[in-house]
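Counting from 1, the numbers follow the sequence of the chain as shown. For the numbers below, each heavy atom of this structure counts, side chains included, while hydrogens, waters and symmetry mates do not.
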Amino acid sequence: MKVVQYPHPVLKMVCKPLRKVDAELKAMILEMFPLMYETKGVGLAANQVGLPYRFFIMNPTGDEKQKDKEYVFINPEIQLGAGKPEEDEEGCLSFPKIYAKVRRAPKVTISGYNLDGEPVKMTFKGFPARIIQHEYDHLNGICFVNRLSESEEDYVIDDVDDLTRKFVKGQKDGEIADNETLLKEIEELIALRAAE
């Protein structure tokens with residue numbers, strides 16, 4: 001398992017809800033936590049590791065020792081809380097070394113299922129609320145660079161173009177599969193686990 005980088009096609013797709021939480025799915029999700037910590041992340045969506053499903057993990061502390069701050073949200077839905085949107089810097093594991101300011105709601109309520117398949121509903125404020133909105137966007141095929149103001153976009157556009165060039169070169173050199181192959185793999189994964 002590894003973090004896929006922009007512009008991998010799975011990052012642009014709306015992820016599919018999962019049919020059930022079984023042992024195999026749990027194992028996949030638990031494998032994502034060490035990967036997130038290793039890459040210094042605080043959140044990781046399924047499609048960032050090439051899985052076209054509606055779930056993400058997070059630990060706002062980024063500290064693997066703080067297991068009580070680890071969250072898993074399967075088939076999540078969010079409601080943005082009232083309050084003036086706050087602008088703060090964000091990065092993304094699928095956009096290495098690229099940071100920009102994004103406006104987000106200061107509070108969010110999330111409902112879905114946890115790792116045991118039990119229903120959960122929680123409200124978060126501040127930084128954890130920002131992580132949830134960032135990861136939830138991923139599940140809808142939206143990356144943080146799609147949320148930037150014009151000036152912030154101008155600031156990162158060259159770096160994003162570099163990532164695209166690197167990805168295309170990887171495909172030409174045979175290090176990354178071509179888009180047709182990647183999309184076929186995604187379709188197979190959807191058929192395997194996604195709800196109708």
Exercise. Have a look at V49 and tell me which of L44, V4, L93 forms a side chain to side chain contact (heavy atoms under 4.5 Å, CB included) with it.
Key: L44
Self-check item: salt_bridge(D63, K69) N-O dist < 4.0 Å
Solution: no
Self-check item: R104 with D137: basic N within carboxylate O range, under 4.0 Å
Solution: yes
Quiz prompt | Partners meeting ring-ring contact (aromatic ring centres under 6.0 Å, His included) with F95 (sequence neighbours left out) | solution = Y6, F144
Practice problem: Measure the acute angle between the ring planes of F124 and F73, then classify it against the limits of 30° and 60° as parallel, tilted or perpendicular. | Solution: perpendicular
Quiz item: Between K67 and E70, is the closest basic N to carboxylate O distance under 4.0 Å?
Solution: yes
Exercise. For R54 and N140, test the side chains for any donor-to-acceptor distance below 3.5 angstrom and give the result as yes or no.
Key: yes
Quiz item: Does the distance from a Lys or Arg side-chain N to an Asp or Glu carboxylate O, for K169 and D173, drop under 4.0 Å?
Solution: yes
Quiz item: Among H134, R130, E89, which residue meets the side chain to side chain contact (heavy atoms under 4.5 Å, CB included) test with V102?
Solution: R130
Exercise. Can you measure from OG (S151) to NZ (K101) and round to the nearest 0.5 angstrom?
Key: 9.5 Å
Self-check item: Y37 and N59 side chains, donor-acceptor separation under 3.5 Å
Solution: yes
Quiz prompt | Donor-acceptor contact below 3.5 Å, side chain T181 vs main chain A177 | solution = no
Quiz item: Taking everything shown except Q66 itself, do over 12 heavy atoms lie less than 6.0 Å from its CD?
Solution: yes
Quiz item: Do S94 and Q48 have a side chain donor and acceptor closer than 3.5 Å?
Solution: yes
Quiz item: Judged by atom type as modelled, is there a donor-acceptor pair below 3.5 Å linking the side chain of N114 to the main-chain atoms of D116?
Solution: yes
Practice problem: Answer yes or no: is there an ion pair linking R193 with D22, defined by an N-O contact shorter than 4.0 Å? | Solution: yes
